[in-house]
Amino acid sequence: MKTLVKTFAAAALIAVSTFAMAAEGPGAKSAEANVNLSTADLALEHYVAVTTEGESAGVEQLFADDFNQKIQTINAQSHSREAVIKSLKKQKGESLNCTVSTDIIEESADYMVAKVTLKFEDFTKTDLVTLERMGNDWKVSKSINSYK
């Protein structure tokens, strides 16, 4: 009788675990996964992956609370953190057809400015990215884009 009770208890535990995992769905945790942003280089690498390769994990974690993006064109535009994150989430899984290069312009213990150049077939986008150390992580605090 004890064996029968243990068997039913084990079966119930397995069933509950299976239903809990199924309810989360495939990839449910990947969008909320913590990304290692412990160095400026890792944060910059993740920024490039998010903006050019459609990476969606850790998007909210990557941007500082006061992040803003400026786009230098004839009609200068400015975008808030929320608007940029929303746009990047829509691009999940989509890779841009461009060549990417990064150059570190200035770097200190708590601050980095990098130039990210995206060369497309007909134009070039230059993104000046400012990263700051905030606690134990590095975050993108500003992005200024221009097109040629």
Close side-chain approach of Thr99 to Leu118, heavy-atom, < 4.5 Å: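 Side-chain contact under 4.5 Å: no.
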4.5 Å side-chain heavy-atom contact, Lys119 and Cys98: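 They are not in side-chain contact.
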Is it true that the side chains of Ser141 and Glu132 contain a donor and an acceptor less than 3.5 Å apart?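 Short answer, yes.
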Assess the residue pair Lys125 and Thr117 against the criterion (side-chain contact (heavy atoms from CB on, under 4.5 Å)); give the C-alpha distance rounded to whole Å, side-chain angles, the decisive distance to 0.1 Å, and a yes or no. CA-CA 6 Å; Lys125 173 185 174 187; Thr117 306; over 6 Å; no
Same cluster for [X] and [Y] if Ile/Leu/Val/Met/Phe/Trp/Tyr side chains link at under 4.5 Å?
X	Y	answer
Ile105	Val129	no
Val140	Ile71	yes
Val116	Ile144	no
Leu131	Leu128	no

Name all pairs fulfilling the side-chain hydrogen bond (donor to acceptor under 3.5 Å, both in side chains) condition that reach into residues 101-110, sequence neighbours left out, sorted by first residue then second.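 For residues 101-110, and leaving out neighbouring residues, the side-chain hydrogen bond (donor to acceptor under 3.5 Å, both in side chains) pairs sorted by first residue read Asp110-Arg133.
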Is the closest basic N to carboxylate O distance between Glu60 and Lys89 below 4.0 Å?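 The answer is yes: the pair qualifies as a salt bridge.
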According to the ring-ring contact (aromatic ring centres under 6.0 Å, His included) rule, which pairs have a member within [range], sequence neighbours left out?
range	result
residues 89-115	none
residues 123-148	Phe120-Phe123
residues 66-91	Phe63-Phe67

Could you go through Thr126 and Lys148, starting from their C-alpha distance and side-chain angles, then the distance that decides it, and tell me whether this counts as side-chain contact (heavy atoms from CB on, under 4.5 Å)? CA-CA 8 Å; Thr126 303; Lys148 289 184 183 176; 5.6 Å; no
Output the distance between atom [atom1] ([X]) and atom [atom2] ([Y]), rounded to the nearest 0.5 Å.
X	Y	atom1	atom2	answer
Gln72	Ser78	CD	OG	9.5 Å
Thr51	Leu88	OG1	CG	7.0 Å
Glu53	Leu96	CD	CG	9.0 Å

Side chain to side chain donor-acceptor pair (under 3.5 Å) against Asn68, all qualifying residues, sequence neighbours excluded: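 With sequence neighbours excluded, Asn68 shows a side chain to side chain donor-acceptor pair (under 3.5 Å) to no residue whatsoever.
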Would you mind writing out the side-chain donor-acceptor pairs for residues 37-49 within the sub-3.5 Å range, not counting sequence neighbours?
| from | atom 1 | to | atom 2 | distance (Å) |
| --- | --- | --- | --- | --- |
| Ser38 | OG | Asn36 | OD1 | 2.8 |
| Thr39 | OG1 | Leu42 | N | 3.1 |
| His46 | NE2 | Ala57 | O | 2.8 |
| Tyr47 | OH | Asp127 | OD2 | 2.5 |
| Tyr47 | OH | Ser143 | OG | 3.3 |

So, the side chain of Gln61 versus the backbone of Val35: is there a donor-acceptor pair under 3.5 Å, distance only?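 Flag set: sc Gln61 to bb Val35 pair under 3.5 Å.
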Minimum heavy-atom distance Ala64-Met134, with the two atoms named: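 Shortest heavy-atom contact: CB-CE, 3.4 Å.
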